[in-house]
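Heads up: the structure comes next, in C-alpha cells.
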Amino acid sequence: MEIYKKAAKKKLRFSTNRGSLPVEQLFDLPKEEIRQLVIKAREAAKKSSGEVNDSELSFLDSPAKVKATDDELRFEILKDIYLTKKTAEEKAQKRAEVKANNKKILELIARKQDEALEKKSIKDLEKLLESEDEDDDEE
C-alpha cells in the first residue's frame, strides 16, 4: 500500500492510449492493456535506473517492491494492478469450474433419485403419494 500512498502524494499520472490517468482509473483498464503498460513502464524504469534492456517478463510473477523514482513507482503500481487482475481472473475461473462441477453433481443426484423411484414397487410409490397427501392435509 505504500506505493499507492506515494503515488497519491505525488499526484502521479499514467500515460495510456486513453489519456493521462490517475491510479484508481487504471483498475478499469483490461488486463492486457495493463500488461502492455507494465512493459513500457519497466523499460522507462530501467532507463532511469541505468539497467540494461532485457525482454524477459518474469518480473510479472514476483511481488511488488517499493522504488524511489517516479518511473519505478509507476512500474511497481502497474505490476501490482496487473497481478491483482490476474489473481481475480484466476479465482473467477476457479469459481466457475467449481460451479459447473457442482451442477453436474446435482444433475447426477437428481437422475439417481429418479432411478431409485423407478425401481420402487407400485405399493411403495402409492405409500409415498399417501404420505405426501397427509402432509398437505396438515397444513
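What you see is a predicted model, and the numbers here were worked out from it, not measured in a lab. What you see below is based on every heavy atom in this structure, not just the backbone, and it leaves out hydrogens, waters and symmetry mates. Residue indices begin at 1 and follow the sequence shown.
A distance-only check finds no donor-acceptor pair linking the side chain of R13 to the backbone of V23 [under 3.5 Å].
In the model, E90 has no side-chain atom that pairs as donor or acceptor with a side-chain atom of T87 under 3.5 Å.
Atom CD1 of I122 sits in a sparse spot, with 12 or fewer heavy atoms from other residues, nucleotides or ligands closer than 6.0 Å. K127 NZ: 12 or fewer foreign heavy atoms inside a 6.0 Å radius.
Using a 4.0 Å cut-off between charged nitrogen and carboxylate oxygen, K10 and D70 count as a salt-bridge pair. A salt bridge between K112 and E115 is absent, with no side-chain N of the basic residue lying under 4.0 Å from a carboxylate O of the acidic one. For R111 and D114, the salt-bridge test fails: no basic side-chain N is under 4.0 Å from an acidic carboxylate O. A salt bridge is absent between E43 and K40: the closest approach of a Lys/Arg side-chain nitrogen to an acidic carboxylate oxygen does not fall below 4.0 angstrom.
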Can K86 and E89 be said to form a salt bridge (charged side-chain N to carboxylate O under 4.0 Å, His left out), step by step? CA-CA 5 Å; K86 181 180 172 187; E89 232 176 51; over 6 Å; no
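Atom CD of E33 and atom OH of Y82 lie 13.5 Å apart (nearest 0.5 Å). Note: I34 CD1 to D80 CG = 10.5 Å, rounded to the nearest 0.5 Å.
With a 4.5 Å cut-off on side-chain heavy atoms, L117 and L128 count as touching.
A pairwise comparison of heavy atoms in F14 and L12 identifies CZ-CD2, 4.1 Å as the closest pair.
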